[in-house]
Amino acid sequence: IAVDMASPTDGFRLHHSMIRVKDPVKSRDFYERILGMRFLAKKDFPGAKFSLYFFSYVPADVQIPEDDEARWEWTFTHRGHCIELTHNWGTEEQADFAYHTGNSEPRGFGHFAISVPDVYEAVSRFEREGVKILKAPDAGTMKGLAFVADPDGYWIEVIKDRARP
């Protein structure tokens, strides 16, 4: 499909995708330590009893502001795609609480994907870290890619970064 580059959508970009999480401590550890994303910002909304957490892949040499308000502003000028985790306060204390991740009936949201230099090495590391592997790289008919689950059971596809040799 040909797109007129001078269209009214020129300058649009996908900034972030949001998922709801039960326990922000477990989720922050997963997205930072396990997936290697950098924490960008957190904002609390006491009147509505929820918090937002933003993460993204940002090169280590890029300085993210220390000040909370400056971090928040920087997050929305960051050109990379972010994941926004929304935590509704108190859910972490409810033993039987779980969000619908979209991969059981009724189906809806499916997954998001990360690209890595080596899928097999990444999955091996995830296994050592105790991450739930939903599909190993050589399982099924689609070879060379994997699926893992975050602490809330959201599916994350792990694919080869084809921009790397």
Side-chain angles (χ1 to χ4, degrees), residues 12-43 50-62 64 71-72 74-165:
F12 284 22
R13 66 185 179 93
L14 182 62
H15 182 266
H16 67 268
S17 301
M18 184 277 277
I19 57 175
R20 290 178 177 84
V21 299
K22 176 179 177 174
D23 185 333
V25 174
K26 289 180 182 176
S27 294
R28 184 168 177 172
D29 178 66
F30 179 83
Y31 286 93
E32 275 188 294
R33 188 176 62 81
I34 303 295
L35 293 187
M37 293 182 178
R38 290 183 64 189
F39 170 69
L40 303 184
K42 174 189 178 198
K43 189 143 190 134
F50 73 91
S51 298
L52 304 178
Y53 299 79
F54 285 84
F55 299 86
S56 186
Y57 287 108
V58 178
D61 63 341
V62 172
I64 300 172
R71 283 183 89 98
W72 185 255
W74 187 92
T75 296
F76 290 93
T77 62
H78 171 57
R79 300 303 293 174
H81 187 83
C82 302
I83 181 93
E84 173 189 350
L85 307 181
T86 297
H87 171 241
N88 293 300
W89 300 355
T91 55
E92 71 281 11
E93 298 166 3
Q94 301 173 30
D96 60 345
F97 184 87
Y99 283 108
H100 179 58
T101 63
N103 285 297
S104 59
E105 296 302 329
R107 290 188 184 263
F109 174 81
H111 68 275
F112 61 92
I114 63 167
S115 61
V116 299
D118 186 301
V119 173
Y120 296 88
E121 285 181 19
V123 170
S124 178
R125 180 176 164 274
F126 295 152
E127 287 174 326
R128 289 191 306 275
E129 293 288 347
V131 173
K132 183 176 183 179
I133 308 300
L134 301 171
K135 180 206 171 295
D138 287 330
T141 57
M142 296 176 69
K143 307 297 184 197
L145 61 87
F147 281 88
V148 299
D150 85 347
D152 287 279
Y154 290 104
W155 292 20
I156 301 165
E157 184 176 6
V158 183
I159 60 174
K160 167 110 175 94
D161 182 349
R162 294 176 190 238
R164 293 178 185 240

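Under the 30°/60° scheme for interplanar angles, the aromatic rings of Phe54 and Trp72 are found to stand perpendicular.
Using a 4.5 Å heavy-atom cutoff, the side chains of Leu145 and Lys135 are in contact. Two residues are said to be in side-chain contact when any heavy atoms from C-beta on lie closer than 4.5 Å; Asp152 and Ser27 meet this criterion. You'll find the side chain of Phe109 stays beyond 4.5 Å of the side chain of Thr101, heavy atoms only. For the pair Pro106 and His100, the minimum side-chain heavy-atom distance is below 4.5 Å. Two residues are said to be in side-chain contact when any heavy atoms from C-beta on lie closer than 4.5 Å; Tyr154 and Leu85 fail this criterion. The shortest distance between side-chain heavy atoms of Arg162 and Ser115 does not fall below 4.5 Å. Glu92 is not listed as a side-chain neighbour of Lys26, based on a closest heavy-atom distance of 4.5 Å or more. Considering only heavy atoms from C-beta on, Lys42 stays 4.5 Å or farther from Arg28 through its side chain.
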Stepwise, does the side-chain contact (heavy atoms from CB on, under 4.5 Å) test hold for Ser56 with His81?
CA-CA 6 Å; Ser56 186; His81 187 83; 5.7 Å; no
Go through the steps to decide whether Phe147 and Val123 satisfy the test side-chain contact (heavy atoms from CB on, under 4.5 Å), and finish with yes or no.
CA-CA 9 Å; Phe147 281 88; Val123 170; over 6 Å; no
For Asp150 and Ile19, what are the C-alpha separation, side-chain angles and deciding distance, and is it a side-chain contact (heavy atoms from CB on, under 4.5 Å)?
CA-CA 11 Å; Asp150 85 347; Ile19 57 175; 3.8 Å; yes
Steps toward ring-ring contact (aromatic ring centres under 6.0 Å, His included) verdict (Tyr99, Phe97):
CA-CA 7 Å; Tyr99 283 108; Phe97 184 87; 4.8 Å; yes
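Side chain to side chain, Arg128 and Ser124 meet the donor-acceptor criterion of an N or O pair below 3.5 Å.
With hydrogens and angles ignored, the 3.5 Å screen pairs no side-chain donor or acceptor of Arg79 with any backbone N or O of Arg13.
The heavy-atom pair separating Gly110 from Trp155 by the smallest distance is O-CB, 3.7 Å. When every heavy atom of Asp161 is checked against every heavy atom of Pro117, the shortest pair comes out as CB-N, 4.5 Å. Between Glu84 and Leu52, the shortest heavy-atom distance links the atoms OE2-CD2, 3.0 Å. A pairwise comparison of heavy atoms in Leu134 and Val148 identifies CD1-O, 3.6 Å as the closest pair. Contact between Ile34 and Glu129 at its shortest, heavy atoms only, is CD1-CB, 3.5 Å. Across every non-hydrogen atom of Val119 and Lys160, the tightest pair is CG2-N, 3.4 Å.
The pair Arg125-Glu127 fails the salt-bridge criterion, with no side-chain N (NZ, NE, NH1 or NH2) lying under 4.0 Å from an Asp/Glu carboxylate O.
Between atom CZ of residue Phe30 and atom CE of residue Met37 there is a gap of 8.5 Å, rounded to the nearest 0.5 Å. Separating the CD1 atom in Ile83 from the CG atom in Leu35 is a distance of 9.5 Å, to the nearest 0.5 Å. Atom CD1 of Ile64 is separated from atom OG1 of Thr75 by 7.5 Å, given to the nearest 0.5 angstrom. Distance CD1/Ile114 to CD/Glu157: 10.0 Å, rounded to 0.5 Å.
Enclosure of atom CZ in Arg20 is not indicated, since only 12 or fewer non-hydrogen atoms of other residues, nucleotides or ligands lie within 6.0 angstrom. For Met142, the CE atom is loosely surrounded, since the number of other residues' heavy atoms within 6.0 Å does not exceed 12.
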